[in-house]
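Have a look at the structure below before the remarks.
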There are 2 protein chains.
Amino acid sequence: MPRKSSPVNIDPRVKRTRRLLRDALVSLILKKDFASITIKEVTERAEVAYITFYRHYETLDQLLMEVLDEGLVELMTHIETLAKQSDASALETEGRLIFEYILQKADLFRILLKSQSVTRVRRKVVRNIAIIFQKSCVPLERLGNQVTINIASNHIATSLLALIEWWLENNMNPSPTEMGKVYKSLIIDSTVGAVRSLSIVSM
Amino acid sequence: MPRKSSPVNIDPRVKRTRRLLRDALVSLILKKDFASITIKEVTERAEVAYITFYRHYETLDQLLMEVLDEGLVELMTHIETLAKQSDASALETEGRLIFEYILQKADLFRILLKSQSVTRVRRKVVRNIAIIFQKSCVPLERLGNQVTINIASNHIATSLLALIEWWLENNMNPSPTEMGKVYKSLIIDSTVGAVRSLSIVSM
DNA sequence: TCCTTTTGTTATACTGTGTAACAATGTTTG
DNA sequence: CAAACATTGTTACACAGTATAACAAAAGGA
């Protein structure tokens with residue numbers, strides 16, 4: 001296994017090989033079920049020797065995580081900056097921007113949602129989104145106790161993912177603008193309202 | 001492949017074999033990851049010849065679906081009868097009953113949620129729950145257009161599943177009574193409210 | 001009991017995983 | 001540029017799991 005992050009300069013051959021493997025996996029996921037993809041297939045498409053795969057990764061899951069990490073970091077920072085602007089007028093715009101972003105990177109999201117078959121991936125994505133909302137969504141952190149906040153942020157994260165999934169399955173209709181309204185009303189406003197009413201009854 | 005449903009009377013040997021295979025799979029899922037379970041393992045635990053599996057099923061997925069179908073039909077009818085009583089006073093009770101039901105059959109639900117790694121299973125469950133709510137949840141079918149209703153029922157189904165999953169991961173705390181409140185407030189009331197406000201802006 | 005169906009046993013072809021040894025190629029450093 | 005080093009390619013192999021076939025044994029229904 002070649003060193004990866006210890007020295008600052010990575011061997012260009014290593015860089016190249018890993019890129020080829022990632023690209024090969026991505027192109028395969030876009031037209032096959034992830035579960036049916038084999039290491040042999042990936043290395044053949046990458047035009048790399050079979051054993052070379054094992055010199056960089058242990059499993060296909062690991063390679064998949066690396067692929068998703070690239071894309072997820074981008075999505076996360078995107079949502080994070082949006083989630084910080086929590087005044088009511090900006091919320092609808094926030095929703096619209098999320099769905100416009102997805103429209104741009106539809107391929108990546110199809111991969112992400114297809115890969116949810118790998119449970120680990122799903123959990124990781126949900127947790128990351130939940131943490132972002134828990135930290136940066138102002139109305140949440142003021143209301144309710146810890147349990148309520150945990151439930152609520154988990155609810156937002158899973159709902160957002162489910163809404164994105166639904167939208168992709170419906171060929172990205174309706175428009176991002178309308179999905180922005182849905183996002184604001186169905187996910188954010190609803191959850192904030194529910195947390196408020198739950199904290200009144202003092203769970 | 002022995003006949004299954006054509007004649008009313010199924011050969012007792014067939015019935016026995018299938019039950020043994022289902023039970024074996026269930027007991028394996030409860031202590032292993034589904035993805036790592038092999039047909040050989042299942043047949044050995046069922047004390048049945050390896051080839052006998054193929055005389056009844058084509059894949060492990062298929063056997064899993066049969067296992068889940070048993071449990072799901074039960075859950076579905078349970079939720080369905082509950083969803084019909086949709087007056088506000090009954091909703092909290094409805095929620096409590098759902099989570100008490102899950103508490104009773106915790107094993108089945110752990111299997112169900114573990115098996116969500118099989119994407120087909122997840123989709124099927126979500127669709128079934130969504131259809132139930134779409135049909136029987138009175139406030140939904142009166143408000144909003146078709147798209148909004150689709151989104152809303154999908155939202156309820158995925159949120160309910162996510163909430164159940166969260167609860168199981170947290171060792172079924174808090175109590176079913178409190179989860180009932182969360183269910184009513186966070187999922188049902190919120191969604192109905194959102195659909196109402198979305199239909200006013202006339203999507 | 002006789003006939004049919006199901007199950008068990010054994011053997012086999014095939015695919016994919018994971019490792020090993022050594023040769024060939026590319027990269028860096030003196 | 002050449003030597004030293006790291007990575008990649010080739011070939012071979014052991015292994016596990018899938019899927020099927022042929023025939024014998026056991027169980028069920030008429």
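Every chain is numbered from 1, with letters handed out A, B, ... down the list of sequences. This structure is a prediction, so every number in the text was calculated from the model and none was measured.
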Tell me, yes or no, whether the heavy-atom count around A/Lys32 atom NZ, taken from other residues, nucleotides or ligands under 6.0 Å, exceeds 12.
yes
Can you check whether B/Thr191 reaches B/Phe133 side chain to side chain, under 4.5 Å on heavy atoms?
no
Contact check, side chains of B/Trp166 and A/Thr158, non-hydrogen atoms, under 4.5 Å
no
Whole angstrom value for the distance that separates C1' of C/dT7 from CG of B/Leu20
12 Å
Rounded to whole angstroms, how far apart are CD on B/Glu44 and P on D/dT18?
11 Å
Of A/Glu66, A/Arg18, A/Gln62, which is the lone residue that meets side-chain hydrogen bond (donor to acceptor under 3.5 Å, both in side chains) with A/His56?
A/Arg18
Among residues at least two apart in sequence or on other chains, which ones pass side-chain contact (heavy atoms from CB on, under 4.5 Å) with B/Ile51?
B/Arg55
For the helix from C/dT1-D/dA30 to C/dG30-D/dC1, how many degrees between its two end axes (five pairs per end), to the nearest 10°?
30°
If you compare every side-chain N and O of B/His56 against the phosphate oxygens of C/dT7 (OP1, OP2), does one of them come in below 4.0 Å?
yes
Atom-pair distance (CZ on B/Arg18; P on C/dT6), nearest Å:
9 Å
Could you state the CD-C1' distance from B/Glu58 to D/dT20, rounded to the nearest angstrom?
13 Å
Would you say the side chain of A/Asn150 lies within less than 4.5 Å of the side chain of A/Gln134, judging by non-hydrogen atoms?
yes
For B/Lys40 and for A/Lys15, find the nucleotide of DNA chain D with the closest heavy atom, then tell me which residue's nucleotide is more 5'.
A/Lys15
Protein N or O to nucleotides 28-30 of chain C N or O, pairs below 3.5 Å:
none

Nucleotide C/dT7, atom C1' - distance to CG of B/Leu21 in whole Å
12 Å
Counting side-chain heavy atoms from CB outward, which of C/dT7, D/dT18, C/dG16 is closest to B/Thr38?
D/dT18
Looking at D/dG28, does its base get a donor-acceptor pair with the side chain of B/Arg13 below 3.5 Å?
no
Exercise: do B/Glu178 and B/Asn173 side chains pair donor with acceptor under 3.5 Å:
no
If you define the side chain from C-beta out and look only at heavy atoms, does anything of A/Pro176 sit under 4.5 Å from A/Tyr183?
no
Flag side-chain contact, heavy atom, 4.5 Å: A/Leu163 against A/Met179:
yes
CD/A/Gln146: more than 12 non-hydrogen atoms of other groups inside 6.0 Å
yes
Write out a two-atom table: protein N or O, nucleotide N or O from nucleotides 12-14 of chain C, distance below 3.5 Å.
none

Between D/dT18 (P) and B/Leu60 (CG): distance, integer Å:
7 Å
Checking B/Ser190 now: which residues fulfil side-chain contact (heavy atoms from CB on, under 4.5 Å) with it, not counting sequence neighbours?
A/Ser190, A/Ala194
Within a strict 4.5 Å, meaning less than it, do heavy atoms of the B/Phe99 and B/Ile164 side chains meet?
yes
A side-chain contact here means heavy atoms from C-beta on lying under 4.5 Å apart; do B/Ile111 and B/Phe34 qualify?
no
Report each atom pair, protein N/O against N/O of nucleotides 8-10 of chain C, whose distance is under 3.5 angstrom.
residue: C/dG8; atom: OP2; partner: B/Ala49; partner atom: N; Å: 3.0
residue: C/dG8; atom: OP2; partner: B/Thr52; partner atom: OG1; Å: 2.7
residue: C/dG8; atom: N7; partner: B/Arg55; partner atom: NH1; Å: 3.0
residue: C/dG8; atom: O6; partner: B/Arg55; partner atom: NH2; Å: 2.7

Whole angstrom value for the distance that separates P of C/dG18 from CG of A/Asp61:
11 Å
Round to a whole Å and report the spacing from CZ of B/Phe53 to C1' of C/dT6.
17 Å
Value rounded to 0.5 Å, distance of CG in A/Leu60 from CD1 in A/Ile37:
7.5 Å
